[in-house]
Protein chains: 2
Amino acid sequence: MALEHALLVSLREQPASGLELAKRFSRSIGYFWHATHQQIYRVLARMDDDGWVTVTEVPQTGRPDKKVHAVTPLGERVLADWLATPTPMEPLRSELAVKMRGASYGDRAALLDVVRANLADHQIRLDHYRQLEKRHRADRDPARETLTDHALDQYLVLRGGIRIEEFWVDWLTEYLTAHEARLTR
Amino acid sequence: MALEHALLVSLREQPASGLELAKRFSRSIGYFWHATHQQIYRVLARMDDDGWVTVTEVPQTGRPDKKVHAVTPLGERVLADWLATPTPMEPLRSELAVKMRGASYGDRAALLDVVRANLADHQIRLDHYRQLEKRHRADRDPARETLTDHALDQYLVLRGGIRIEEFWVDWLTEYLTAHEARLTR
DNA sequence: GCTGTCATGTAACAGGTTACATGATTCG
DNA sequence: CGAATCATGTAACCTGTTACATGACAGC
């Protein structure tokens with residue numbers, strides 16, 4: 001039950017419509033959380049019912065009205081409480097890892113191709129995140145002390161995104177290297 | 001829909017009862033996949049219906065009978081097909097990361113404690129995995145060429161477990177260090 | 001005219017979690 | 001005698017995914 005809270009974080013940064021939230025979730029927050037618009041609409045409706053957010057219909061020219069959601073004082077309290085409660089350690093869940101482990105029960109060459117495709121995807125995403133980091137440094141350096149606490153948090157979460165993609169690139173490379181060494185023997 | 005396939009991998013390594021599988025999932029395979037016994041029983045029943053596994057009741061002395069599941073030729077084909085199909089890149093989903101990002105909307109000191117607790121958990125798990133790796137090396141080194149392909153896969157997935165825990169330890173340490181530096185300023 | 005974007009939603013289903021239930025045996 | 005372990009399961013619920021639906025405007 002964390003999508004609610006992820007939405008609260010995003011809405012406290014900036015009130016938004018359902019679709020705007022969905023777009024944010026494929027960017028920054030999306031380093032570590034993902035949600036489709038259908039899911040977001042459903043949860044937003046519940047949050048409105050529970051009084052965590054208020055909804056304001058904003059008319060627009062040349063496009064449909066949008067419903068802008070903003071966090072209420074109750075929502076702020078709910079978020080603050082959640083932030084202070086311990087989070088149990090979450091295990092990574094990876095289909096690819098299961099495939100790598102079971103490789104000998106199928107066509108290994110085909111599986112190595114699957115791994116290569118995933119490696120390429122992670123490499124692209126890593127490059128993208130590194131671009132973002134570069135832009136961030138160009139904006140702020142060398143006056144790092146001027147960062148607000150929240151901007152520092154955003155930066156550090158981006159660092160996490162970079163690190164997780166480095167994990168994938170390094171690990172998948174290790175896997176491929178070990179098996180390619182065998183094939184040529 | 002990957003629990004089925006994870007179970008097939010585990011059952012090809014060694015036929016097992018539901019509870020035995022649940023235990024394995026909190027160990028080796030569990031580096032990257034987790035499942036409770038309730039879920040495993042439900043999925044095993046479906047796999048039996050679909051003819052992917054056969055069930056043999058094995059009487060035991062002094063404890064309840066167990067139902068040992070073994071993979072059928074059909075199950076083997078299903079597994080091999082699955083192994084050769086591409087896996088889309090899976091985003092990491094982390095509640096802790098959302099909290100770190102939203103830290104400024106709550107009590108930051110409390111959140112840093114939450115992060116510290118998670119760091120300690122990951123450190124313990126990393127130490128455990130490193131022990132396993134050490135044991136593995138002691139068993140096999142320096143005759144690494146004698147490893148079967150499957151044993152190599154098992155080792156490389158353990159390497160992934162080590163790498164992911166290193167990711168957590170390094171990243172959470174970076175986060176704490178950056179914020180602790182602020183507090184003492 | 002077709003495709004894409006903005007914007008909101010419904011419905012059905014699949015997957016995963018939590019709580020509860022049963023019954024025997026072993027260990028302190 | 002009580003607690004823990006082995007072993008299997010049911011039921012209710014929550015979360016997340018996929019497919020489908022609507023309607024208007026913008027750009028090629």
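Convention: sequence-line order gives letters A, B, ...; per-chain numbering from 1. A quick note: this is a predicted structure, and the numbers were derived from the prediction, not measured.
- Between dA14(C) and Arg46(B), no contact under 4.0 Å exists linking OP1 or OP2 to a side-chain N or O.
- Counting only residues at least two apart or in different chains, side chain to side chain donor-acceptor pair (under 3.5 Å) contacts with residues 64-80 of chain B comprise Glu20(B)-Lys66(B).
- One atom, NE2 of His69(A), and another, C1' of dG9(C), lie 12 Å apart when rounded to the nearest Å.
- When distances are taken from the side chain of His34(B) to each of dT17(C), dG16(C), dC6(C), the shortest belongs to dT17(C).
- Rounded to an integer number of Å, the gap from Met47(B) CE to dA14(C) C1' is 16 Å.
- Ion pairing between a basic and an acidic side chain is recognised when a charged N comes within 4.0 Å of a carboxylate O; Glu180(A) and Arg116(A) show such pairing.
- One axis for each end of the helix from dG1(C)-dC28(D) to dG28(C)-dC1(D), each built from five base pairs, and the angle between them comes to 30° at 10° resolution.
- For dG9(C), neither phosphate oxygen OP1 nor OP2 lies less than 4.0 angstrom from any side-chain nitrogen or oxygen of Tyr41(A).
- Rounded to an integer number of Å, the gap from NE2 of His5(B) to C1' of dG15(C) is 14 Å.
- The nearest whole Å value for the distance from the NZ atom in Lys23(A) to the P atom in dT5(C) is 10 Å.
- Residues that satisfy the side chain to side chain donor-acceptor pair (under 3.5 Å) test with Asp107(B), not counting sequence neighbours, are absent from this structure.
- For Thr56(B), the side-chain contact (heavy atoms from CB on, under 4.5 Å) criterion is met by no residue, not counting sequence neighbours.
- Looking at which nucleotide of DNA chain D each of Arg93(B) and Asp65(B) is closest to, the 5′-most match is held by Asp65(B).
- In this structure His179(B) satisfies the ring-ring contact (aromatic ring centres under 6.0 Å, His included) test together with Tyr175(B), sequence neighbours excluded.
- The residues Glu133(A) and Arg159(A) are annotated as salt-bridged, a charged nitrogen and a carboxylate oxygen being separated by less than 4.0 angstrom.
- Among the nucleotides dT17(C), dT8(D), dC6(C), the one closest to any side-chain atom of Leu19(B) is dT8(D).
- Leu3(A) places its CG atom 13 Å from the C1' atom of dT17(D), with the value rounded to the nearest Å.
- In this structure, Trp33(A) atom CH2 and dT15(D) atom C1' are separated by 10 Å, rounded to whole Å.
- In the set dT17(D), dA7(C), dG9(D), the nucleotide with an atom closest to the side chain of Lys67(B) is dG9(D).
- Tyr41(A) is linked by a ring-ring contact (aromatic ring centres under 6.0 Å, His included) to His37(A), counting only residues two or more places apart in sequence or in another chain.
- Counting only residues at least two apart or in different chains, ring-ring contact (aromatic ring centres under 6.0 Å, His included) contacts with residues 90-111 of chain B comprise His150(A)-Tyr105(B).
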List every contact pair, protein side and nucleotides 18-20 of chain D side both N or O, where the distance is under 3.5 Å.
from	atom 1	to	atom 2	distance (Å)
dA19(D)	N6	Gln38(A)	NE2	3.2

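- Straight-line distance from the CD atom of Glu95(A) to the P atom of dT17(D): 13 Å, rounded to whole Å.
- Among residues two or more places apart in sequence or in another chain, the ring-ring contact (aromatic ring centres under 6.0 Å, His included) test is passed with Tyr129(B) by Tyr31(B).
- Between the CD1 atom of Ile40(A) and the C1' atom of dT10(C) there is a distance of 17 Å, rounded to whole Å.
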